[in-house]
Undergrad: 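Take a look at this one; I'll ask things after.
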There are 2 protein chains.
Amino acid sequence: MEYPNENMGKIGTIDTSSLVDKAEERIVQYIQENKMVIGDVLPKELDLALNLGVSRTVIREALLRLKTIGLVESKKHKGAVLRNPDVLGSLRKVFHPSILDDATLKDMFELRLGLEVGMADFIVKNITDEDIKELEDIANQVGSGDTAQTWQVEDEIRFHSKLYKISKNRILLELQVMLMPIFNYVHESGLLSSEVVTGDFVSHKELVEVLKTRDADAYRNAIRKHLNNHFKRILG
Amino acid sequence: MEYPNENMGKIGTIDTSSLVDKAEERIVQYIQENKMVIGDVLPKELDLALNLGVSRTVIREALLRLKTIGLVESKKHKGAVLRNPDVLGSLRKVFHPSILDDATLKDMFELRLGLEVGMADFIVKNITDEDIKELEDIANQVGSGDTAQTWQVEDEIRFHSKLYKISKNRILLELQVMLMPIFNYVHESGLLSSEVVTGDFVSHKELVEVLKTRDADAYRNAIRKHLNNHFKRILG
DNA sequence: AATTATATTATGTCATACATATAATGATTT
DNA sequence: AAATCATTATATGTATGACATAATATAATT
């Protein structure tokens with residue numbers, strides 16, 4: 001029983017949603033019922049207010065929410081126009097190490113590792129000869145004289161960013177862009193057990209060689225091994 | 001050259017951000033500079049307005065954005081209190097097939113497949129004997145008489161939801177919950193090439209058997225095969 | 001026809017007032 | 001003294017009206 005008093009039965013809940021909540025709901029409903037598509041414009045604020053029987057203030061706040069999650073975009077004189085929602089856009093502002101708790105940061109660290117292994121099939125499917133050439137170039141840049149830590153990190157990012165691009169999956173790519181700073185933050189923070197160095201490390205060069213075979217299973221195993229040091233830190 | 005007129009050189013951009021944009025920025029800045037933590041409350045709207053030299057309306061809209069992305073939560077009488085951001089919360093409203101374009105939907109279909117394969121290590125790491133028992137129960141419920149399509153789908157969802165839970169990764173779990181309806185929608189829509197049936201299918205029961213060995217590599221291969229029909233539809 | 005003024009319109013911002021819920025305080029009871 | 005209840009103060013929620021601003025449509029000019 002989830003009520004404080006055992007004798008207290010369920011009597012139904014009261015609608016505590018604010019006017020803005022309701023207005024937002026109705027507007028989304030309006031969009032769906034009218035089968036509106038990208039580019040269509042919503043009725044102007046005053047009309048919405050009049051029709052829903054609330055003040056313009058409420059409508060503005062409801063619309064602002066829709067703007068914030070990227071569903072609409074407001075143009076002066078024209079109104080709120082539907083846009084192809086930048087699905088992950090709303091995440092961008094939240095994805096900062098400073099405002100996330102440790103558990104979440106760790107989850108994201110994991111997420112990135114998982115994504116990279118999980119997208120093997122999509123990489124192999126879409127990779128072109130030019131892509132391979134490009135990856136090879138990046139992989140070769142290491143060792144070319146300067147082996148300072150910062151350069152290594154940059155090459156690391158370039159190489160893996162390229163992999164995401166090859167996957168031709170926009171969501172994946174955007175996720176990666178947002179996850180990368182968090183990953184690096186966690187990597188360098190004291191959040192995880194200290195780094196370990198294992199024997200059978202797969203280098204970027206070797207990854208490229210595997211990619212040349214266009215064998216997804218083989219690549220999946222290779223990238224998993226490549227990331228093994230990271231995995232070890234969370235798997236213990 | 002990205003300017004209409006070749007003769008037009010770069011003269012620097014003008015800050016076109018609205019007052020709300022700036023206010024939002026300053027508030028986030030305030031949070032970081034003061035090293036505020038979960039539970040702390042922001043100054044009240046009127047104080048923020050006075051200090052930033054804008055109207056309360058602007059402050060309210062800025063705060064509303066932060067509320068929408070789940071960074072703060074406003075309590076009457078108290079103010080805007082920092083909350084552990086529900087990172088994916090803002091996605092919930094956008095994740096509806098009706099408002100996403102086909103390309104994005106397909107990307108999400110892929111994402112789910114990738115996640116499931118990519119999280120193999122985390123499942124194997126965290127799985128308990130009870131988890132295995134539970135998975136076994138779900139797997140056995142299939143075939144117990146009723147083989148209607150709807151039941152199959154429900155068992156499918158139950159089984160895979162359980163897998164995500166086992167991963168003990170909240171982000172992964174939340175993503176899955178949001179992705180599932182989209183996945184089903186795409187699965188049933190005419191968006192992908194028609195379904196194919198392959199020979200070597202790995203069943204839920206077999207997956208459980210593999211999990212008993214606690215071998216992440218083996219499980220990764222198994223789940224990849226289990227999802228092979230889905231993969232085939234996008235890989236062609 | 002092309003450019004330049006003008007008017008119109010819908011959003012952006014401001015100011016003020018009041019409603020409402022809740023934290024804090026004080027009064028009452030046991 | 002502790003617990004309960006009533007009161008008050010306070011910060012957000014909502015409403016209203018006004019004006020600023022930018023973009024569109026229209027008219028005027030070249």
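Side-chain atoms are counted along with the backbone in the values below, which use heavy atoms only and exclude waters and symmetry mates. Convention: sequence-line order gives letters A, B, ...; per-chain numbering from 1.
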Undergrad: Under 3.5 Å, is there a donor-acceptor pair linking the side chains of B/His160 and B/Glu116?
TA: yes

Undergrad: Ignoring hydrogens and angles, tell me if any N or O in the side chain of B/Ser161 forms a donor-acceptor pair with the backbone of B/Arg158 under 3.5 Å.
TA: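 No, because the side chain of B/Ser161 does not come within donor-acceptor range (under 3.5 Å) of the backbone of B/Arg158.
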
Undergrad: Roughly how many Å is it from CG in A/Leu19 to C1' in C/dA21, rounded to a whole number?
TA: 14 Å

Undergrad: Checking B/Asp131 side chain against B/Ile166 main chain: does a donor-acceptor pair fall under 3.5 Å?
TA: no

Undergrad: Using atom types as modelled and distance alone, determine if a side-chain donor or acceptor of A/Asp40 lies under 3.5 Å from a backbone N or O of A/Met36.
TA: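 Judged by distance alone, no pair lies under 3.5 Å.
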
Undergrad: Any donor-acceptor pair under 3.5 Å linking the side-chain atoms of A/Arg112 with those of A/His230?
TA: no

Undergrad: Within this structure, what is the CD-to-P distance between B/Glu73 and D/dT12, rounded to whole angstrom?
TA: 14 Å

Undergrad: How about A/Asp107 and A/Thr104: does a side-chain donor come under 3.5 Å of a side-chain acceptor?
TA: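 Result is no, nothing qualifies.
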
Undergrad: Going by number, which of residues 33-49 of chain A have a non-hydrogen atom under 4.0 Å from DNA chain C?
TA: A/Lys44, A/Glu45

Undergrad: Using 4.0 Å as the upper bound for N to carboxylate O, is an ion pair formed by B/Arg170 and B/Glu174?
TA: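 Yes, charged N to carboxylate O under 4.0 Å.
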
Undergrad: I need the residues from residues 53-67 of chain B with at least one non-hydrogen atom less than 4.0 Å from DNA chain D; give them sorted by number, or say none.
TA: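 By residue number: B/Arg56, B/Arg60, B/Lys67.
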
Undergrad: Would you list the protein and nucleotides 23-25 of chain C atom pairs, both N or O, that sit under 3.5 Å from each other?
TA:
unit_1: C/dA23; atom_1: O4'; unit_2: B/His77; atom_2: NE2; d: 3.3

